[in-house]
Amino acid sequence: MTNFERLTELINENTKGGYKAAEMTETSYIEHRFREGAGAHNTYSMSKAVTGCAVGILEAEGLLSTEDTVFSHIGDLFPKGYDKKWENVKLHDIMIHRTGVPGEANIDIDTDDFWAQGRTDFLAHILSQPIIHTPGTGLFVYCDTNYYIISRVVEKITGMTLAEFLQQRMFNVLEWRGHAWGCCPDNHTLGGTGLFADARDLAAYGLMLASGGEYKGKRILTPEWIEKARGPVGGYGYGFHNHERYFTSAGMYGQEVFIFPETKKAFVVLGHVMPNDEIREKIVPLYLDEI
């Protein structure tokens with residue numbers, strides 16, 4: 001039995017909510033469909049790490065730095081009466097969810113009725129929040145709207161929405177087959193959530209990251225960016241959860257891509273209430289032992 005077969009067997013035994021699992025290497029691709037359904041599925045917060053890739057592309061071209069302040073790029077979009085401490089918040093601080101804002105700054109775009117709450121201007125909502133913690137080192141406050149800010153920065157620099165930019169610079173290179181990305185009421189890409197993608201496409205994305213930023217000989221990201229984006233071992237980077245020998249990007253209900261740089265391999269699981277803890281305990285070691 002292969003490691004991938006063990007993966008699908010574990011999912012079958014532990015949940016009725018599996019959609020798809022997939023594995024990709026430089027020479028092979030295999031997937032397993034647990035049930036009939038849509039091709040592309042909501043990846044939820046996996047979207048954040050994908051959004052971060054746009055920052056990596058632009059940083060390699062010298063068009064921004066994660067050390068830039070958000071104000072230096074979209075200061076003209078700040079709402080009246082904003083806390084002036086926002087002018088010191090860096091893109092890095094936003095991407096690691098340490099902007100300094102309180103917990104109520106978040107709009108959970110997947111669950112909140114932002115129309116009823118009067119929060120249809122996502123950018124104004126979060127930039128109107130006070131900075132009460134030290135940016136960069138203070139309290140971790142997880143916000144979908146943080147990566148919406150990043151989406152708006154990318155749009156400002158490129159003249160394209162985040163979705164349009166990544167379509168040209170990453171999705172087409174990865175030969176994505178069918179996907180969609182939600183937008184706010186003003187038609188700006190959500191960034192922090194709302195990316196619908198197929199298991200095959202996410203596996204190609206994972207393989208690219210495992211391969212140091214290349215896919216089929218075409219470079220998308222630099223190895224240096226990927227290392228920075230992974231974050232500290234045992235911690236959170238730019239949408240990634242970093243482990244000593246692999247890293248992952250995850251979304252609500254158990255969407256996850258597992259990335260193995262040592263073997264240039266990735267696998268993806270999509271579903272509802274997936275057994276990800278068991279996968280990390282029982283399946284990931286099998287992939288690490290392939291060395």
Side-chain angles (χ1 to χ4, degrees), residues 38-59 61 63-64 68-82 86 89 91 94-95 97 99 101 104-129 142-174 176-198 201-202 205 220 238-239 249 251-252 255:
H41 296 281
N42 196 343
T43 65
Y44 299 101
S45 284
M46 199 186 294
S47 308
K48 294 178 175 65
V50 175
T51 295
C53 291
V55 176
I57 293 168
L58 294 174
E59 186 166 76
E61 296 178 354
L63 296 175
L64 60 67
D68 292 346
T69 64
V70 63
F71 188 81
S72 70
H73 289 286
I74 58 171
D76 59 321
L77 301 179
F78 273 51
K80 292 181 180 179
Y82 68 89
W86 265 106
V89 176
L91 301 182
I94 292 170
M95 295 172 74
H97 299 291
T99 60
V101 298
E104 54 267 32
N106 189 33
I107 299 175
D108 189 330
I109 300 166
D110 293 302
T111 61
D112 290 351
D113 186 348
F114 49 81
W115 288 98
Q117 297 165 346
R119 299 179 175 183
T120 57
D121 187 334
F122 295 174
L123 193 64
H125 169 72
I126 191 167
L127 295 178
S128 295
Q129 301 300 315
Y142 193 82
C143 291
D144 283 350
T145 32
N146 282 335
Y147 277 78
Y148 177 78
I149 293 175
I150 299 299
S151 172
R152 298 296 297 271
V153 169
V154 171
E155 185 174 326
K156 187 77 169 185
I157 292 172
T158 65
M160 295 178 276
T161 66
L162 171 71
E164 291 169 336
F165 177 70
L166 285 177
Q167 181 73 54
Q168 294 184 14
R169 300 298 300 272
M170 187 164 77
F171 301 153
N172 286 346
V173 180
L174 296 175
W176 276 30
R177 312 299 172 84
H179 60 280
W181 209 332
C183 59
C184 74
D186 292 323
N187 206 36
H188 304 289
T189 308
L190 293 177
T193 189
L195 174 64
F196 286 72
D198 184 71
D201 299 341
L202 294 167
Y205 161 71
I220 297 173
Y238 297 160
S249 175
M252 190 164 61
Q255 327 313 313

(message) Let's go through Glu61 and Arg169 carefully: what are the C-alpha distance in whole Å and the side-chain angles of both, what is the deciding distance for side-chain contact (heavy atoms from CB on, under 4.5 Å) to 0.1 Å, and is it a yes or a no?
(response) CA-CA 12 Å; Glu61 296 178 354; Arg169 300 298 300 272; 2.5 Å; yes
(message) Run the side-chain contact (heavy atoms from CB on, under 4.5 Å) test on Val55 and Tyr238 for me, step by step, so that the C-alpha distance in whole Å, both residues' side-chain angles and the decisive distance to 0.1 Å come before the verdict.
(response) CA-CA 10 Å; Val55 176; Tyr238 297 160; over 6 Å; no
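- The CD1 atom of Ile157 sits 5.5 Å away from the CG atom of Leu58 when rounded to the nearest 0.5 Å.
- Between Asn106 and His125, the shortest heavy-atom distance links the atoms O-NE2, 4.2 Å.
- Side-chain atoms of Ser151 come within 3.5 Å of backbone atoms of Thr189 as a donor-acceptor pair (strictly under, hydrogens ignored).
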(request) May I have the step-by-step check of side-chain contact (heavy atoms from CB on, under 4.5 Å) for Asn42 and Gln255, ending in yes or no? (result) CA-CA 8 Å; Asn42 196 343; Gln255 327 313 313; over 6 Å; no
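- Here Asp144 pairs with Lys48 under the salt bridge (charged side-chain N to carboxylate O under 4.0 Å, His left out) rule; sequence neighbours left out.
- Nearest heavy-atom pair, Ala49 versus Gly239, reported as atom, atom and distance to 0.1 Å: CB-O, 3.6 Å.
- Within the 4.5 Å cutoff, no side-chain heavy atoms of Leu63 are placed close to those of Thr158.
- Side-chain atoms of Leu162 and Ile150, non-hydrogen and from C-beta on, never get closer than 4.5 Å to each other.
- Here OG1 of Thr120 is found 8.0 Å from CZ of Phe114. Values are rounded to the nearest 0.5 Å.
- Residues Ile149 and Thr99 have side chains not in contact (no heavy-atom distance under 4.5 Å, counting atoms from C-beta outward).
- Annotation: side chain of Asp201 is not in contact with side chain of Phe171 (no heavy-atom distance under 4.5 Å).
- Looking only at side-chain heavy atoms (C-beta outward), Leu202 and Trp176 come within less than 4.5 Å of each other.
- Listed by chain and number, the residues in a salt bridge (charged side-chain N to carboxylate O under 4.0 Å, His left out) with Arg119 amount to none (sequence neighbours excluded).
- Under the salt bridge (charged side-chain N to carboxylate O under 4.0 Å, His left out) criterion, Asp186 pairs with no residue, sequence neighbours left out.
- Using bins of under 30°, 30° to 60° and over 60° for the plane-to-plane angle, the ring pair Phe78/Phe71 lands in the perpendicular bin.
- Every salt bridge (charged side-chain N to carboxylate O under 4.0 Å, His left out) that Asp198 has, sequence neighbours left out, goes to Lys20.
- What you find for Ser47 and Gly194 is that their closest heavy atoms are OG-N, 3.6 Å.
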(request) Would you sort out whether His188 and Leu123 count as a side-chain contact (heavy atoms from CB on, under 4.5 Å), showing the intermediate values? (result) CA-CA 10 Å; His188 304 289; Leu123 193 64; over 6 Å; no
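- Residues forming a side chain to side chain donor-acceptor pair (under 3.5 Å) with Gln167 (at least two apart in sequence, or on another chain): Asn172, His179.
- By the 4.5 Å heavy-atom criterion applied to side chains, Val101 and Trp86 are counted as neighbours.
- In this structure, Tyr148 and Ile126 have side chains that are not in contact, with every pair of non-hydrogen atoms separated by 4.5 Å or more.
- By the ring pair (Phe, Tyr, Trp, His ring centres under 6.0 Å) test, His97 is found to be paired with Phe140, Tyr142, Tyr147, Tyr236, residues two or more places apart in sequence or in another chain being considered.
- The closest side-chain heavy-atom distance from Tyr205 to Met170 is below 4.5 Å.
- Leu127 and Tyr82 get closest at one heavy-atom pair: O-CB, 3.6 Å.
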